[in-house]
Every structure is written in C-alpha cells, then in structure tokens.
Number of protein chains: 2
Amino acid sequence: MAVSKGRVLNQIRQLRTQAGLTQQDFANLVGATRQTILAIEAEKYAPSLELAFRMARALSVPFETLFQFEEEVAGPRN
Amino acid sequence: MAVSKGRVLNQIRQLRTQAGLTQQDFANLVGATRQTILAIEAEKYAPSLELAFRMARALSVPFETLFQFEEEVAGPRN
DNA sequence: TCGAAATGACAAATATGTTTTACATACCCC
DNA sequence: GGGGTATGTAAAACATATTTGTCATTTCGA
C-alpha cells in the first residue's frame, strides 16, 4: 500500500448520540472498548470490517449510512 | 474482544472471475498485492474497511453484495 | 459547589492485516 | 518437453487496529 488512496468517513457519533447511547454503552453493544469507539469517532483510524458491521447493526442503520469512502481528490502532486 | 462474535463472508472470487480479472489484475486495481487478494478470498482474514470499499468500487457492486456479516450462531456455551 | 458520569489523551502491549520474497503446482499451448 | 500465466503456501517484517491502564477535562444534576 504505502500511498493513501482515500479515507473512510463515519457518522458514528451523530447516530450514537441520536440513539441516546454513551461511548461506553455503544462499546458494550458492539463488543469493543470505549477507547476504540473514541478513536474511531475521531477518525484516528478506521474500524475493522467486522467491527464496522457490528456497529451498523447495533445502530440499526444500513452500512453505507454509517460509513462512506472518500476517494483521494486526485492531485498527482507527489 | 477476544470471543469471536461472527465472521465476514465475501463473494470476491465469484465476482472477480465474472469480471474476467486475475488475482493480479484485481490486486492492481485496488492497490494491494496478489497475496492479500488470495488470503482474503480464502477468508484467512477480512480486509480492512478501506480495502473493502475499494474492492466493491473496483467491481462496481454495492458493498453488501461483496461482503456479508454472519452473526455467531448463538451458543452461550462459554 | 460537590460528586459522579461522560469524554478526551496517551503509551505500552497484543492482535490482525498487508507486503515482500520465494517456491510449488496446475493448466495451456506450441 | 519447455515456457508462460494463474493460483496456492508460507515465513518474516512491517503497518494498522484494539485493549488495558491511567490521568485530565467537561458536563450536569442534586
């Protein structure tokens, strides 16, 4: 890999708070820790595919509602 | 985490071959190596979320057509 | 204003995903 | 049979995700 080819955005915080869940609540629901939720909401890194699926299911939203892929804006400015 | 809570299935091989792509072709398209494609097709592990998105895009199929989450079959036999 | 609950940061350790290199097998087709 | 292409295996090194533990800051209700 090496060159970043895009990034994954998520609406976790918005949908989690709408559902009235704390980070800890949500972490328990999806079987992860609070720090993991925090890091992912802050987009420090993207969740694993499995965790992503559990998150969408826990919030009862379609996968693509929760996660979007944003292509690199092009710029061959490397 | 620790306890496995389900697994991610994929239809990569089927859709890749339908598209007339070799593992190497596909790897190039998504910016990964042939071994990565091989391992993921064999479900040795699941792709990262970003790679998963690139795969779906490369094959021009909806995300959920390519990947499905299968819940653990229950068994509170822990 | 006190205290508890929720959130944010950060580092070390572990787990999982990805690359690189190398070799083996199978299939064609010439 | 020999050469090329596609696929499978495997190990080491590296990158990223996740946990565990700990502390700081914010928020909010009693």
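A quick note: this is a predicted structure, and the numbers were derived from the prediction, not measured. Residue numbers start from 1 in every chain, and the chains themselves are labelled A, B, ... in the order their sequence lines are given, proteins ahead of strands.
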Kindly give the heavy-atom pair with the smallest separation between B:A27 and B:R34, and that separation in Å.
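Minimum heavy-atom contact is CB-N, 3.7 Å.
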
Tell me the closest heavy-atom pair linking A:I37 and A:Q23, and the distance in Å.
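Closest approach of A:I37 to A:Q23: CG1-O, 4.0 Å.
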
Would you indicate which nucleotide in C:dT20, C:dG17, C:dT7 comes nearest to any side-chain atom of A:R16?
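Nucleotide nearest to A:R16's side chain: C:dT7.
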
Listed nucleotide nearest any side-chain atom of B:Y45, set C:dG17, C:dG8, D:dT18:
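Among the listed nucleotides, the one closest to the side chain of B:Y45 is C:dG17.
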
Enumerate the residues from residues 34-43 of chain A whose closest heavy atom to DNA chain D is under 4.0 Å, giving them by residue number; use none for an empty result.
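Those residues whose heavy atoms fall under 4.0 Å from DNA chain D, taken from residues 34-43 of chain A in numerical order, are A:Q35, A:T36, A:I40.
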
For DNA chain D, determine which residues of residues 21-29 of chain B have any heavy atom closer than 4.0 angstrom to one of its atoms, and list them numerically.
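Within this stretch, B:T22, B:Q23 sit under 4.0 Å of the strand.
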
Fit a plane to each ring of A:F63 and B:F63, take the angle between them on a 0 to 90° scale, and name the class: parallel (under 30°), tilted (30 to 60°) or perpendicular (over 60°).
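Parallel: the ring planes of A:F63 and B:F63 meet at under 30°.
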
Short side-chain to backbone donor-acceptor contact, [X] and [Y], under 3.5 Å:
| X | Y | value |
| --- | --- | --- |
| B:R16 | B:L21 | yes |
| B:E43 | B:N10 | yes |
| A:R54 | A:V30 | yes |
| A:T36 | A:A32 | no |

Does B:S48 put a side-chain nitrogen or oxygen below 4.0 Å from OP1 or OP2 of C:dT16?
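False: B:S48 side-chain N/O out of range (4.0 Å or more) of C:dT16 OP1/OP2.
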
Using a cut-off of less than 4.0 Å, is there contact between a side-chain N or O of A:R13 and OP1 or OP2 of C:dG8?
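Looking at the OP1 and OP2 atoms of C:dG8, one of them is under 4.0 Å from a side-chain N or O of A:R13.
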
Apply the test side chain to side chain contact (heavy atoms under 4.5 Å, CB included) to residues A:L51 and A:I40: give CA-CA distance (whole Å), side-chain angles for both, the deciding distance (0.1 Å), then the verdict.
CA-CA 11 Å; A:L51 181 52; A:I40 293 169; 3.8 Å; yes

Side chains of A:L49 and B:F67: does their closest heavy-atom pair fall under 4.5 Å?
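Yes, side chains in contact.
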
Evaluate the side-chain proximity of A:L66 to A:M55: yes if any heavy-atom separation is below 4.5 Å, no if none is.
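Yes, close enough: below the 4.5 Å cut-off.
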
Salt-bridge test for B:E71 and B:R7: reply yes if a basic N is under 4.0 Å from a carboxylate O, no otherwise.
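Looking at B:R7 together with B:E71, the answer is no, because their closest N to O distance does not fall below 4.0 Å.
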
Judged by each residue's nearest nucleotide on DNA chain C, which is more toward the 5′ side, B:K44 or A:T17?
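It is A:T17 whose nearest nucleotide is closer to the 5' end.
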
Take the protein atom CG of A:L49 and the nucleotide atom P of C:dA15, then report the distance between them rounded to whole Å.
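Taking atom P of C:dA15 as the reference, CG of A:L49 is at 21 Å.
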
Please list, by residue number, the residues of residues 55-65 of chain B whose heavy atoms come closer than 4.0 Å to an atom of DNA chain C; answer none if no residue qualifies.
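Nothing qualifies; none.
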
